[in-house]
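Below: one structure, written as structure tokens.
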Amino acid sequence: MGRVESACATLSAIRENSPLVHNMTNIVVANTTANALLAIGASPAMVDGPEEAPELASVAGALVVNVGTVTPAQAEAMKLATTAAHKAGRPWVLDPVAVGALTFRTKLAGELLENKPSVIRGNASEIMALAGLGAGGKGVDSTDSSEAALAGAKELAQQTGAVVVVSGPVDFITDGKRTAEVANGDKMMPYVTGLGCTATALTGATLAVCDDPFDAAVDAMIFLGVVGEIAAKNAAGPASLQLDIINGLYQLNSDILNATTRVEMHEAVA
């Protein structure tokens, strides 16, 4: 199956199965990411209390953990939820927002890695910091290029067994052996808060219906890149871009994916 054909099959599977995606995310993006999941056909649940999160994580289609506005209580809930997901064999994705730049969340991210995320998605500075190769970015913003982080992403994938996604003008997805480059998107997208977090949430939806986390991660980045690129053509600015991205996820279909997707695949040389 070709790369775009795989993305089309994943989109159909999400809409046919409406997978439950458990989100432990930050207060800035909760509404946007929930709406993005609804628009593409998934069923979001925003549960981050320690009393309920482990129970839901053990039965959800996938768990999304985003440390963007993490508190000590939420950190404990994230540890419990990822432990429960790992024990139950449920896939989960980690978004290490501002890891490397701030001590508490950097320590937390290291602890969460012990519960074996299926996918790690971040910007270049976050991924390099998590791999032990950098000090982090400027708050939530990357100060490194996605190309510069690719070596660190491959190393992190090999260290953790996770698929690692580096978001940027070109998104890099690697499991340490296979690497995909998704070139869709638009230069206006960084002016909308939480689109990286939206990519992580969409990865939760794709993980819930894909057997291979690498396929899930590539497909999620294709979905957001394609709809962002199309939405930017007519958007007056970042506010309308955000709305049109949600609309675009709802309208996304195989014809759009076939006409717009720009992805390259690379295999490591043995």
- Heavy-atom nearest pair, Ala57 first then Leu63, reads CB-CD2, 4.1 Å
- Should Leu150 and Val263 be regarded as members of a common hydrophobic cluster, given that ILVMFWY residues are connected when their side-chain heavy atoms come within less than 4.5 Å of each other, either directly or indirectly? no
- Task: Ignoring hydrogens and angles, tell me if any N or O in the side chain of Asn17 forms a donor-acceptor pair with the backbone of Pro19 under 3.5 Å.
- Result: no
Show the atom names and distances, to 0.1 Å, of all donor-acceptor pairs under 3.5 Å that link a side chain in residues 70-88 to residues at least two apart or in another chain.
from, atom 1, to, atom 2, distance (Å)
Thr71, OG1, Gln74, N, 3.2
Thr71, OG1, Gln74, OE1, 3.3
Gln74, OE1, Thr71, N, 3.0
Gln74, NE2, Asp48, OD2, 3.0
Glu76, OE2, Lys79, NZ, 3.1
Lys79, NZ, Glu111, OE1, 2.9
Thr82, OG1, Met78, O, 2.8
Thr82, OG1, Lys79, O, 3.2
Thr82, OG1, Asn115, ND2, 2.9
Thr83, OG1, Lys79, O, 2.7
Thr83, OG1, Asn115, ND2, 3.0

- Query: Just wondering, do Thr160 and Lys116 contact through their side chains at under 4.5 Å, heavy atoms?
  - Reply: no
- If you round to the nearest 0.5 Å, how far is CD1 of Ile173 from OG1 of Thr203? 9.0 Å
- Is it possible for you to say whether Val119 and Val67 belong to one hydrophobic cluster, with membership spreading through side-chain heavy-atom contacts below 4.5 Å? no
- Item | The single option from Ile222, Asp212, Asp219 passing side-chain contact (heavy atoms from CB on, under 4.5 Å) against Ser6 | Asp219
- Message: Quick one, Phe223 and Thr261 - any side-chain contact, counting heavy atoms below 4.5 Å?
- Response: no
- Heavy-atom pair with the smallest gap, counting every atom of Val29 and Cys197: CG2-CB, 3.8 Å
- If you look at every heavy atom in Val163 and Phe214, which pair is closest and at what distance? CG2-N, 3.5 Å
- Query: Can you name the nearest heavy-atom pair linking Ala36 to Leu202, along with the distance?
  - Reply: O-CD2, 4.2 Å
- Shared hydrophobic cluster, Trp92 / Val218 (ILVMFWY, side-chain heavy atoms < 4.5 Å): no
- Task: Starting at CD of Glu55, measure out to NE2 of His22 and round the result to the nearest 0.5 Å.
- Result: 10.5 Å
- Test item: Ser118 and Arg90 side chains (from C-beta on) under 4.5 Å apart, heavy atoms: no
- Query: Closest approach of Ala201 and Leu37, non-hydrogen atoms and distance?
  - Reply: O-CD2, 3.3 Å
- For Arg121 and Thr200, does a side-chain donor sit closer than 3.5 Å to a side-chain acceptor? yes
Result block: side-chain N/O donor-acceptor pairs under 3.5 angstrom for residues 249-259, not counting sequence neighbours:
from, atom 1, to, atom 2, distance (Å)
Asn253, OD1, Asp255, N, 3.0
Asn253, OD1, Ile256, N, 2.9
Asn258, ND2, Ser254, O, 2.8

- Taking atom CG of Leu112 and atom CZ of Arg105, what is their separation to the nearest 0.5 Å? 12.0 Å
- Task: State whether the number of non-hydrogen atoms from other residues, nucleotides or ligands found under 6.0 Å of Phe104 atom CZ is greater than 12.
- Result: yes
- Message: Is any side-chain heavy atom of Thr10 closer than 4.5 Å to one of Asp215?
- Response: no
- Look at the side-chain heavy atoms of Ile, Leu, Val, Met, Phe, Trp and Tyr, link any pair under 4.5 Å apart, and say whether Ile127 and Leu195 land in one connected group. no
- Query: Under 4.5 Å between any side-chain heavy atoms of Leu38 and Pro44, yes or no?
  - Reply: yes
- Are any non-hydrogen side-chain atoms of Val65 and Asp95 less than 4.5 angstrom apart? no
- Working to the nearest 0.5 Å, report the span between CD of Glu155 and CG of Leu130. 11.5 Å
- Approximate separation, where rounding is to 0.5 Å, of Glu229 CD and Lys187 NZ: 12.5 Å
- Query: Quick check: does any side chain N or O of Thr179 sit under 3.5 Å from a backbone N or O of Asp175, one acting as donor and the other as acceptor?
  - Reply: no
- Is the backbone of Arg15 close enough, under 3.5 Å, to the side chain of Ser18 for a donor and an acceptor to pair up by distance? no
- Message: With heavy-atom distances below 4.5 Å as the criterion, would you say the side chains of Val166 and Asn123 are in contact?
- Response: no
- Task: Of all the heavy-atom pairs spanning Asn66 and Gly68, show the shortest one and how long it is.
- Result: OD1-N, 2.9 Å
- Decide side chain to side chain contact (heavy atoms under 4.5 Å, CB included) for Arg3 and Met265; before the verdict, give the C-alpha distance in whole Å, the side-chain angles of both, and the deciding distance to 0.1 Å. CA-CA 8 Å; Arg3 185 67 265 161; Met265 301 296 299; 3.6 Å; yes
- Query: So, do Asp171 and Glu181 sit near enough that their side-chain heavy atoms are less than 4.5 Å apart?
  - Reply: no
- Message: If hydrophobic clusters are built from ILVMFWY residues whose side chains come within less than 4.5 Å, do Leu11 and Val209 share one?
- Response: yes
- Could you walk me through whether Val97 and Glu126 pass the side chain to side chain contact (heavy atoms under 4.5 Å, CB included) test, one step at a time? CA-CA 7 Å; Val97 179; Glu126 292 160 352; 4.2 Å; yes
- Measure the CG-CD1 distance between Leu156 and Ile120 for me, rounded to the nearest 0.5 Å. 4.0 Å
